[in-house]
Protein chains: 2
Amino acid sequence: MTTRRPTIRDVARSAGVSVTTVSHTFTGNGTVAPATQQRVRTAAQDLGYRPDVIAQGLRRNRLGVIALVARQLDTLHPELLYDVDYFARFAGAAAVASLAEGLGLMLVSDPTGPRAAGAALASDGFIVTEPVTDDPLVAMLTSAGIPFVTVGETPGAPLAPGSPPHVDIESGRLTTLALDHLWESGARRIALVTGTDRNEWNLRSAAVYRRWARYRRITPSMVHVPEHLDDEGGRRAAATLLASGPAPDGIYALTSNHALGAVEVLTDQGLRVPDDVRIVAGSDAESLRAAHPPISSIDLQPDELARRAVELLAARLDGRPVPDHAQHRVGRLVVRASSAPPAPQP
Amino acid sequence: MTTRRPTIRDVARSAGVSVTTVSHTFTGNGTVAPATQQRVRTAAQDLGYRPDVIAQGLRRNRLGVIALVARQLDTLHPELLYDVDYFARFAGAAAVASLAEGLGLMLVSDPTGPRAAGAALASDGFIVTEPVTDDPLVAMLTSAGIPFVTVGETPGAPLAPGSPPHVDIESGRLTTLALDHLWESGARRIALVTGTDRNEWNLRSAAVYRRWARYRRITPSMVHVPEHLDDEGGRRAAATLLASGPAPDGIYALTSNHALGAVEVLTDQGLRVPDDVRIVAGSDAESLRAAHPPISSIDLQPDELARRAVELLAARLDGRPVPDHAQHRVGRLVVRASSAPPAPQP
DNA sequence: ATGAAAGCGCTAACAC
DNA sequence: GTGTTAGCGCTTTCAT
């Protein structure tokens with residue numbers, strides 16, 4: 001504490017070599033005789049020397065840290081944090097993937113905001129999850145020339161060559177998957193409940209749903225509820241659906257907590273799930289698995305999305321060719337009791 | 001992109017002042033005439049100048065980033081991530097609190113490991129959640145003189161003056177709270193299910209439970225299952241409890257997923273919750289709320305713990321007096337159906 | 001194979 | 001109130 005930490009100079013002196021040599025033995029640049037290397041290593045060890053990452057960062061103009069902008073953190077009210085499972089799995093997997101790339105993962109809220117922590121800008125690149133229409137952050141990063149990738153497309157962004165690189169969340173395919181599944185499990189009056197954030201997931205799902213409804217020749221019925229309302233939002237959505245027109249016999253709710261809240265109301269109203277109403281959530285969560293009945297969902301596989309995002313960003317940072325993830329689809333349908341066709345009575 | 005970003009020098013030249021003046025106008029040090037400040041600000045604006053955080057960091061020997069070591073990330077298998085709710089809420093709240101202190105929050109795995117990302121060490125300080133007995137990370141940080149705070153005490157650490165500063169998780173009080181609640185709801189053969197990590201939560205709960213059992217004159221019955229086994233761990237624990245001696249009529253399971261798994265097995269065995277067995281989980285989660293029946297729990301209030309940890313660390317970093325959190329207790333019992341006394345029949 | 005020296009962008013004495 | 005200048009700890013030509 002009292003004695004300052006050793007620098008490259010101390011090691012050089014102690015090993016009787018120049019700082020260049022020390023630098024080289026650690027970075028692997030240049031050439032250093034094995035014997036010398038050994039001496040340097042020993043000296044460093046003895047002194048407890050660790051290269052100063054900040055100094056390296058200044059020199060290399062690269063800190064080894066990437067930032068994750070979680071829109072769920074944009075608010076000052078962490079109690080509003082929604083989609084906890086998705087966030088946790090994404091952040092966790094992103095951190096692990098980053099470490100595998102030798103990078104640190106910083107959690108930041110929107111750095112375009114007035115309260116932007118300076119540190120946020122120290123990162124080498126950004127991962128932006130679920131950017132929204134004409135996202136100001138995307139605009140800022142683009143104009144500042146800061147490398148970034150998004151998870152999900154940026155709605156409204158020009159699809160020109162300059163379109164920001166992103167990890168495909170396959171919202172179109174997954175929406176169809178969920179809707180077809182509801183159809184096949186017998187539903188014919190299928191409603192959609194979306195969140196209100198203007199991100200790809202909400203917007204594309206709605207668009208696909210409209211097309212799908214036309215194709216199936218059913219009357220579309222949609223409700224939009226803010227994500228952060230959680231169960232309460234789901235309850236309201238269900239109430240709205242029940243109040244307006246014939247009760248749906250299938251619901252696709254994009255947010256897990258909305259699905260949960262909806263089931264509550266339906267059950268309270270004496271409707272049986274899945275016999276009277278089938279339901280599928282558009283995002284998986286523990287609570288869906290534990291619910292009664294367990295609720296089917298689209299597992300977006302945030303772990304995989306995070307891994308891809310980190311890989312993609314890391315590749316861009318290194319100027320490496322970007323990995324092609326298009327081979328393997330991501331996201332899958334998890335069928336649980338809430339949408340399972342009634343088991344044949346033995 | 002092609003043109004390098006402007007430095008303090010460029011701004012100085014463009015504003016017709018010295019670099020010192022520019023530095024001062026931005027840091028607030030020294031004194032700069034308002035008029036000059038204005039000129040500098042304008043010039044900076046025009047050039048799109050942002051102080052380089054890394055250079056500042058090098059100079060000040062402080063980056064403005066703190067690291068959160070989440071033990072759940074120590075593994076390379078993010079799918080093993082357990083206690084997702086706790087992690088997400090903690091990380092989210094920590095990130096928000098950090099931002100409020102003008103700090104960034106970095107997620108890192110154990111930096112003592114061989115694969116330590118260099119960047120991890122760039123942080124100004126560390127938050128270590130749930131350190132384990134004789135934690136090597138705690139030892140490393142201590143000997144390296146790196147500021148840190150832990151959430152929960154470090155078991156086995158000397159309680160000497162040098163004992164690492166920590167946020168009190170009140171494990172003793174909360175364990176008693178849970179056990180007394182089970183007792184009051186009618187349970188008399190109360191078993192404890194803990195995880196196997198050697199952290200304060202597991203160790204102190206076990207110790208308190210033993211004392212409490214003696215005091216209540218009941219025969220202690222404990223099972224330890226690894227946290228990452230999740231539901232399966234809970235199932236095993238319940239099976240073990242049922243196989244050995246008289247079936248418990250009350251279970252306190254420290255991990256939420258263990259509680260969930262246990263309820264599954266109990267129900268399968270024809271036992272009714274809470275009528276035959278009352279159950280309380282030692283960590284809250286969405287899935288407990290959505291479970292059937294909803295499961296009571298100790299809400300550790302990770303949001304609050306995170307906030308306190310960040311505040312404590314930030315204060316230490318600035319040499320400010322550390323906030324005294326002892327005033328307000330943290331953690332509370334959330335009573336749900338799994339341990340509610342049967343409602344009086346109308 | 002090794003070393004001297006010039007910075008990376010910024011801050012903080014210390015002059016004026 | 002403003003400017004000069006010496007570094008922070010490291011990497012990297014370019015000599016030797």
Side-chain angles (χ1 to χ4, degrees), chain A residues 3-41 43-44 47-65 102 118-119 121-124 144-146, chain B residues 3-41 43-44 47-65 102 118-119 121-124 144-146:
Chain A
T3 162
R4 87 190 198 320
R5 54 183 279 207
T7 77
I8 198 174
R9 236 186 201 70
D10 300 320
V11 179
R13 192 174 319 116
S14 155
V17 297
S18 75
V19 293
T20 310
T21 305
V22 179
S23 174
H24 282 173
T25 65
F26 281 108
T27 59
N29 296 338
T31 40
V32 182
T36 323
Q37 280 208 30
Q38 200 41 60
R39 258 190 310 142
V40 171
R41 291 229 139 77
L47 292 158
Y49 168 79
R50 301 290 255 138
D52 182 323
V53 195
I54 304 179
Q56 284 180 321
L58 177 59
R59 218 22 261 245
R60 305 209 250 239
N61 200 26
R62 195 143 160 359
L63 229 202
V65 173
L121 305 160
S123 15
D124 302 333
I146 300 174
Chain B
T3 162
R4 86 186 198 323
R5 52 182 281 206
T7 77
I8 199 174
R9 238 188 199 69
D10 300 320
V11 179
R13 192 174 320 116
S14 155
V17 297
S18 76
V19 292
T20 309
T21 306
V22 179
S23 174
H24 282 172
T25 63
F26 281 108
T27 60
N29 296 337
T31 40
V32 183
T36 325
Q37 281 207 30
Q38 202 39 60
R39 258 189 311 143
V40 171
R41 290 229 139 77
L47 293 158
Y49 168 80
R50 301 290 255 137
D52 182 324
V53 194
I54 304 179
Q56 285 179 320
L58 177 59
R59 213 28 257 243
R60 304 209 250 240
N61 200 25
R62 196 142 161 358
L63 230 201
V65 174
L121 305 161
S123 17
D124 302 333
I146 300 174

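Keep in mind that this is a model prediction, so the values were computed, not measured. Hydrogens, waters and symmetry mates are skipped; everything else that's a heavy atom, side chains included, is used. Order of the sequence lines sets the chain letters (A, B, ...), proteins ahead of strands, with each chain counted from 1.
- When all heavy atoms of A:Gly48 and A:Pro6 are compared, the pair lying nearest together is O-CG, 3.8 Å.
- Within the helix from C:dA1-D:dT16 to C:dC16-D:dG1, the inter-axis angle between the opening and closing five-pair segments is 40°, rounded to 10°.
- Under the rule for a side chain to side chain contact (heavy atoms under 4.5 Å, CB included), the partners of A:Leu58 that lie at least two apart in sequence or sit in another chain are B:Ile54, B:Ala55, B:Leu58.
- Although no hydrogens or angles enter the test, the distance criterion places a donor-acceptor pair under 3.5 Å between the side chain of A:Arg5 and the main chain of A:Arg50.
- Nucleic acid contact class of B:Thr21 (heavy atoms, under 4.0 Å, all strands): sugar-phosphate only.
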Side chains of residues 29-36 of chain B: which donor-acceptor pairs under 3.5 Å do they make with residues two or more places apart or in other chains?
from    : atom 1 : to      : atom 2 : distance (Å)
B:Asn29 : ND2    : B:Thr27 : OG1    : 3.3
B:Thr36 : OG1    : B:Ala33 : O      : 3.4

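- Taking CD of B:Gln38 as the reference point, atom CZ of B:Arg41 lies at 7.5 Å (rounded to 0.5 Å).
- Contact between the side-chain N/O atoms of B:Thr36 and the OP1/OP2 oxygens of D:dT2 is found at a separation under 4.0 Å.
- Residue A:Tyr49 comes nearest to A:Ile8 through the heavy atom pair CE1-N, 3.5 Å, listed as atom of the first residue, atom of the second, then distance.
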Kindly determine whether A:Arg13 and A:Asp10 satisfy side chain to side chain contact (heavy atoms under 4.5 Å, CB included), including the steps that lead there. CA-CA 5 Å; A:Arg13 192 174 319 116; A:Asp10 300 320; 3.6 Å; yes
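- When all heavy atoms of B:Pro51 and B:Gln56 are compared, the closest pair comes out as CB-NE2, 3.7 Å.
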Under 3.5 Å, N/O pairs linking protein and nucleotides 8-10 of chain D:
from   : atom 1 : to      : atom 2 : distance (Å)
D:dC10 : OP1    : A:Tyr49 : OH     : 2.7
D:dC10 : OP1    : A:Asp52 : N      : 3.0
D:dC10 : OP2    : A:Ile8  : N      : 2.4

For residues 19-26 of chain A, which side-chain donor-acceptor pairs fall under 3.5 Å, sequence neighbours excluded?
from    : atom 1 : to      : atom 2 : distance (Å)
A:Thr21 : OG1    : A:Ser18 : OG     : 3.3
A:Thr25 : OG1    : A:Val22 : O      : 2.8

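- Extent of DNA chain C lying under 4.0 Å from chain B heavy atoms, first and last nucleotide in 5' to 3' order, is C:dG9 to C:dA13.
- Here the closest heavy-atom approach between residue A:Asp124 and residue A:Gly64 is recorded as OD2-N, 2.5 Å.
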